[in-house]
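Below, chains carry the letters A, B, ... as their sequence lines are ordered, and counting in each starts from 1. Worth saying up front: this structure is predicted, and the values here are computed from it rather than measured.
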There are 2 protein chains.
Amino acid sequence: MLLGRVARMYYEHGLTHQEIADTLGVSRIRVTRLLAEARETGVVEIIVHVEESLFADDERDLAAAFGLRQVWISPSVADEQKAARAFASVGAEALAAKLEPDAIVALGLSTAVALVAEEFPEQPLAASFVPVAGSVSGLVNGANPHELALAFARRTNGRAFHLPAPLLAASPEAAAASLADPGVREVLELAARADTLVAGIGGTARGQGLLLSSLGDAERERLLADGAVGDLAGRFFDADGEAVHGALDARVVGLGLDELRAIPNRLGIARGETKLAALRTALSSGLVNLLVTDSDTARALLAG
Amino acid sequence: MLLGRVARMYYEHGLTHQEIADTLGVSRIRVTRLLAEARETGVVEIIVHVEESLFADDERDLAAAFGLRQVWISPSVADEQKAARAFASVGAEALAAKLEPDAIVALGLSTAVALVAEEFPEQPLAASFVPVAGSVSGLVNGANPHELALAFARRTNGRAFHLPAPLLAASPEAAAASLADPGVREVLELAARADTLVAGIGGTARGQGLLLSSLGDAERERLLADGAVGDLAGRFFDADGEAVHGALDARVVGLGLDELRAIPNRLGIARGETKLAALRTALSSGLVNLLVTDSDTARALLAG
DNA sequence: CATTCTTGTGAACAAATGTACACGATCCCC
DNA sequence: GGGGATCGTGTACATTTGTTCACAAGAATG
């Protein structure tokens with residue numbers, strides 16, 4: 001149990017890596033790595049005894065300003081990688097707080113939610129994770145709803161459902177055919193009965209989000225012309241938070257905006273300047289009633 | 001609650017001091033200090049989940065070799081200050097493990113025990129701490145039995161007893177007079193009924209320990225001539241672990257060696273090459289049955 | 001009111017920690 | 001048995017952390 005000895009020498013007796021290496025007859029670098037391992041595996045547990053959250057003020061203000069049930073804010077830092085991880089871990093905390101055992105969780109496709117899945121603590125919850133829309137083809141590094149469901153299910157010892165359909169069908173007819181499939185119907189009906197929705201909120205800037213980047217410029221222009229300001233789980237909405245019905249919308253295989261809105265807990269996960277407009281609308285129109293964002297975005301929302 | 005925010009940003013989100021300083025608008029150095037404070041005050045708690053102790057093998061071997069009930073070993077490091085603190089904290093752990101609520105603890109004078117007192121965790125035990133011998137005059141930085149008792153009592157919300165007498169009286173007659181004092185008698189009788197004795201073990205090298213260093217060279221030579229190899233709580237013993245009766249012994253105001261030996265838990269706290277001979281005798285003759293030492297001393301004892 | 005002490009601060013430096021890279025061993029899959 | 005991937009390792013370096021020092025503001029003391 002070298003790991004444990006090293007961990008105790010370091011954390012309980014305050015020896016340096018070098019001193020530990022000397023007494024144990026191993027290299028310093030090995031001690032460094034053992035300590036990292038000890039932290040990762042939970043042999044070393046670090047607890048911060050603070051009830052209040054990091055940005056309690058802003059969280060309260062934001063909830064009040066937009067009539068949200070609860071808000072979680074992660075610290076913004078220059079280092080994008082760190083900011084992303086912090087954001088994801090706050091997202092995981094938020095979801096964990098809202099999740100009861102045996103809950104049904106509806107998942108929108110989103111890279112943000114994918115990161116949350118990676119940070120989600122391992123705990124037996126026996127929840128069901130259900131995609132609200134089909135999958136994107138090609139390489140999308142784990143952001144497909146189905147993969148999200150799998151990742152969450154693995155961590156919570158829960159069940160993952162698969163929606164065997166594309167997010168965007170080739171034509172409205174193809175979408176209708178997909179929706180008529182009993183397997184697809186069944187899963188979407190389950191998603192519609194979810195207790196909690198977890199979804200990213202997308203903006204309309206070029207290349208934003210998985211859905212938009214899979215479209216051509218022409219289709220994007222069309223969306224903007226129809227008044228789209230952002231999307232929630234693959235469904236675009238306008239400045240009033242109402243669905244943008246059109247050629248694109250008819251090709252999406254997934255729950256509609258009204259069905260999403262009928263889910264009691266709707267956790268929106270988004271940050272960044274490019275998402276501001278979409279966020280404002282989604283928040284003020286009640287598309288989501290729970291929010292995870294970062295401190296910069298929070299301040300921008302409060303300032304606006 | 002700046003402290004808590006800093007602690008969470010650092011330990012939960014992994015930001016660096018500098019990043020935290022930037023987001024919070026304070027200097028980096030201040031963040032460093034807040035984090036140190038958070039650890040000290042217990043806002044941040046670090047737990048190492050390891051059952052087995054650091055030197056489990058040596059502890060078992062040492063206990064077997066000398067017929068001890070239990071042994072605790074602290075890591076030896078080159079940095080003397082760190083080694084001393086590690087030693088003290090292991091000593092504190094050992095004592096804490098043996099201490100039941102309302103226990104009576106007899107305390108020998110010893111700088112080692114003084115360090116243990118400083119590291120002793122704050123916990124309500126309501127124990128009684130009783131000196132087994134009188135006090136040394138002059139500046140002895142907290143190692144006087146009386147001060148030890150106070151330090152322990154403060155940390156455990158317990159009671160400290162005072163033995164109003166010198167450790168070493170000017171003459172055997174003066175010692176006898178001290179011992180005849182009802183206040184002194186009472187406290188010593190209480191000490192004799194203690195559940196646990198905590199004492200350092202002294203060697204006979206020049207300048208060693210509080211008692212020896214207060215003696216002249218002539219008296220020291222006399223002791224050696226009488227066969228003394230070390231002392232326990234102010235009482236010198238010979239190679240058989242038997243009391244060295246003589247001029248010096250008659251001047252000590254405190255429990256005798258036989259009275260000390262009658263205490264059920266006898267925790268000896270000592271480390272270092274200069275203590276080896278005294279330790280060997282104390283251990284093999286059963287003067288103590290519980291031992292706290294460091295890994296170097298432990299190995300030397302096992303090798304010998 | 002002057003003055004001593006304490007307390008808190010940051011700059012500059014020293015020390016400790018973490019990371020990128022290169023090397024060698026081992027395991028696996030053909 | 002030959003590549004090729006993977007793992008564990010240490011060196012050299014970059015980054016982060018902690019410590020020392022000097023200074024300034026405020027509190028306690030004369």
Would you give me the side-chain donor-acceptor pairs under 3.5 Å for residues 82-91 of chain B, sequence neighbours excluded?
unit_1  : atom_1 : unit_2  : atom_2 : d
B/Lys82 : NZ     : A/Glu19 : OE1    : 3.2
B/Ser89 : OG     : A/His13 : ND1    : 3.4
B/Ser89 : OG     : B/Ala86 : O      : 3.2

Notebook entry, point to check: Among side-chain atoms of B/Ser53 and B/Glu59, is any donor-acceptor pair under 3.5 angstrom?
Noted result: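 Their side chains do contain a donor-acceptor pair, which is all the 3.5 Å distance test asks for.
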
Next item on the list: List for me each residue that meets side chain to side chain contact (heavy atoms under 4.5 Å, CB included) alongside A/Ala36, sequence neighbours excluded, and say none if there are none.
Entry: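 Only A/Arg39 meet the side chain to side chain contact (heavy atoms under 4.5 Å, CB included) criterion with A/Ala36.
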
Notebook entry, point to check: Under 3.5 Å, side chain of B/Thr297 to main-chain N/O of B/Thr293, donor-acceptor pair present?
Noted result: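 Looks like no, no N/O pair under 3.5 Å.
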
Next item on the list: Kindly say whether B/Phe55 contributes a backbone atom to a donor-acceptor pair with the side chain of B/Arg60 at under 3.5 angstrom?
Entry: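 Between the backbone of B/Phe55 and the side chain of B/Arg60 there is no qualifying donor-acceptor contact (under 3.5 Å).
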
Notebook entry, point to check: For A/Thr16 and A/Ile20, what are the C-alpha separation, side-chain angles and deciding distance, and is it a side chain to side chain contact (heavy atoms under 4.5 Å, CB included)?
Noted result: CA-CA 6 Å; A/Thr16 67; A/Ile20 297 170; over 6 Å; no

Next item on the list: Mind grabbing the angle between the end helix axes of the helix from C/dC1-D/dG30 to C/dC30-D/dG1? Five pairs an end, 10° rounding.
Entry: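 The end-segment axes of the helix from C/dC1-D/dG30 to C/dC30-D/dG1 are tilted 30° relative to each other.
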
Checklist line | Per-nucleotide protein contact string for nucleotides 8-22 of chain C, where B marks a base within reach and S marks sugar-phosphate only (heavy atoms under 4.0 Å, - for neither) | finding: -BBB----SBBBB--

Margin query: Around atom CD of B/Glu45, are there more than 12 heavy atoms from other residues, nucleotides or ligands closer than 6.0 Å?
Written below: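 Yes, CD of B/Glu45 has more than 12 neighbouring heavy atoms, counting only those of other groups under 6.0 Å.
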
I'd like a table of donor-acceptor pairs (distance under 3.5 Å, sequence neighbours excluded) in which one partner is a side-chain atom from residues 1-9 of chain B, with atom names and distances.
unit_1 : atom_1 : unit_2  : atom_2 : d
B/Arg5 : NE     : A/Leu54 : O      : 2.8
B/Arg5 : NH2    : A/Leu54 : O      : 3.3
B/Arg8 : NE     : B/Glu12 : OE1    : 3.2
B/Arg8 : NH1    : A/Glu52 : O      : 3.0
B/Arg8 : NH2    : B/Glu12 : OE1    : 3.4

Next item on the list: Can you label the angle between the B/Phe120 ring and the B/Phe152 ring as parallel, tilted or perpendicular, going by 30° and 60°?
Entry: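 Rings of B/Phe120 and B/Phe152: perpendicular, as their planes differ by over 60°.
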
Note to self: A side-chain contact here means heavy atoms from C-beta on lying under 4.5 Å apart; do A/Ser295 and A/Ile73 qualify?
What the structure shows: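 Of all side-chain heavy-atom pairs linking A/Ile73 with A/Ser295, at least one is under 4.5 Å.
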
Item checked: chain B footprint on DNA chain D, 5' to 3' - any atom under 4.0 Å from a heavy atom ->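 For DNA chain D, the relevant span reads D/dT16 to D/dT20.
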
